[in-house]
Amino acid sequence: MAILIDDPLWPAHGRLWAHLVTDTDLAELHAFAAANGIPARGFDRDHYDVPDEAHARLVAAGAEHVSGHELVRRLIASGLRVRARDRR
């Protein structure tokens, strides 16, 4: 299992956000998120949006910090990626 997190670069609601994904299994992603206090409402089809203040804590808990490009590449390779056009 690999839980991946990118840099918190995405602005919304007065703060910056990162993405938390898995490259293997959504059940493992949900379990990791729940174990680390990330609410289910943060899940958006193939990733969790996590606030910048949670980033270091999630890395310390075992999430692998990767670039946004690497995160997307590995998510696509896993077959778990939900494309933007399929979100509608």
Side-chain angles (χ1 to χ4, degrees):
M1 166 184 84
I3 301 296
L4 311 171
I5 190 167
D6 63 359
D7 292 311
L9 300 175
W10 306 96
H13 311 289
R15 59 173 56 162
L16 295 176
W17 298 80
H19 301 107
L20 187 71
V21 305
T22 181
D23 66 357
T24 54
D25 182 335
L26 287 177
E28 291 175 325
L29 176 63
H30 294 311
F32 182 87
N36 288 283
I38 303 302
R41 71 179 178 272
F43 185 69
D44 185 15
R45 301 181 196 220
D46 61 5
H47 70 278
Y48 280 88
D49 293 317
V50 296
D52 57 349
E53 63 268 12
H55 191 272
R57 178 172 51 80
L58 294 170
V59 171
E64 179 184 348
H65 178 237
V66 296
S67 70
H69 177 77
E70 178 71 8
L71 182 136
V72 171
R73 186 189 70 74
R74 289 175 62 181
L75 184 59
I76 290 169
S78 74
L80 298 172
R81 175 74 173 148
V82 177
R83 299 174 302 178
R85 69 176 178 227
D86 295 332
R87 291 176 183 268
R88 297 176 193 167

**Q** In the structure I gave you, are the side-chain heavy atoms of His19 and Asp49 within less than 4.5 Å of one another anywhere?
**A** yes
**Q** Has Asp23 got a side-chain atom pairing as donor or acceptor with Ser78's backbone, closer than 3.5 angstrom?
**A** no
**Q** Quick one: sort the His55 and His65 rings into parallel, tilted or perpendicular, breaks at 30° and 60°.
**A** perpendicular
**Q** Working to the nearest 0.5 angstrom, can you tell me the gap between His47 NE2 and Arg81 CZ?
**A** 8.0 Å
**Q** Let me check something: do Trp10 and Val72 share a hydrophobic cluster, defined by ILVMFWY side-chain heavy atoms less than 4.5 Å apart, either directly or through other members?
**A** no
**Q** Taking C-beta and beyond as the side chain, do Leu20 and Asn36 meet within less than 4.5 Å on heavy atoms?
**A** no
**Q** How far does CG of Asp25 sit from CD1 of Ile3, to the nearest 0.5 angstrom?
**A** 8.5 Å
**Q** Decide whether Ile5 and Leu16 are clustered together by the hydrophobic rule: side chain heavy atoms of Ile, Leu, Val, Met, Phe, Trp, Tyr closer than 4.5 Å, transitively.
**A** no
**Q** Shared ILVMFWY cluster between Val66 and Phe32, side chains joined below 4.5 angstrom?
**A** yes
**Q** Do Asp7 side-chain atoms and Leu9 backbone N/O form a donor-acceptor pair below 3.5 Å?
**A** no
**Q** side-chain contact (heavy atoms from CB on, under 4.5 Å), that's the test. Do Glu70 and Glu64 meet it? Break it down for me.
**A** CA-CA 11 Å; Glu70 178 71 8; Glu64 179 184 348; over 6 Å; no
**Q** Do the non-hydrogen side-chain atoms of Trp17 and Pro8 ever get within less than 4.5 Å of each other?
**A** no
**Q** When you look at Arg57 and Val50, which way does the side-chain contact (heavy atoms from CB on, under 4.5 Å) test go after all the steps?
**A** CA-CA 11 Å; Arg57 178 172 51 80; Val50 296; over 6 Å; no
**Q** Working to the nearest 0.5 angstrom, can you tell me the gap between Leu71 CG and Ile76 CD1?
**A** 10.0 Å
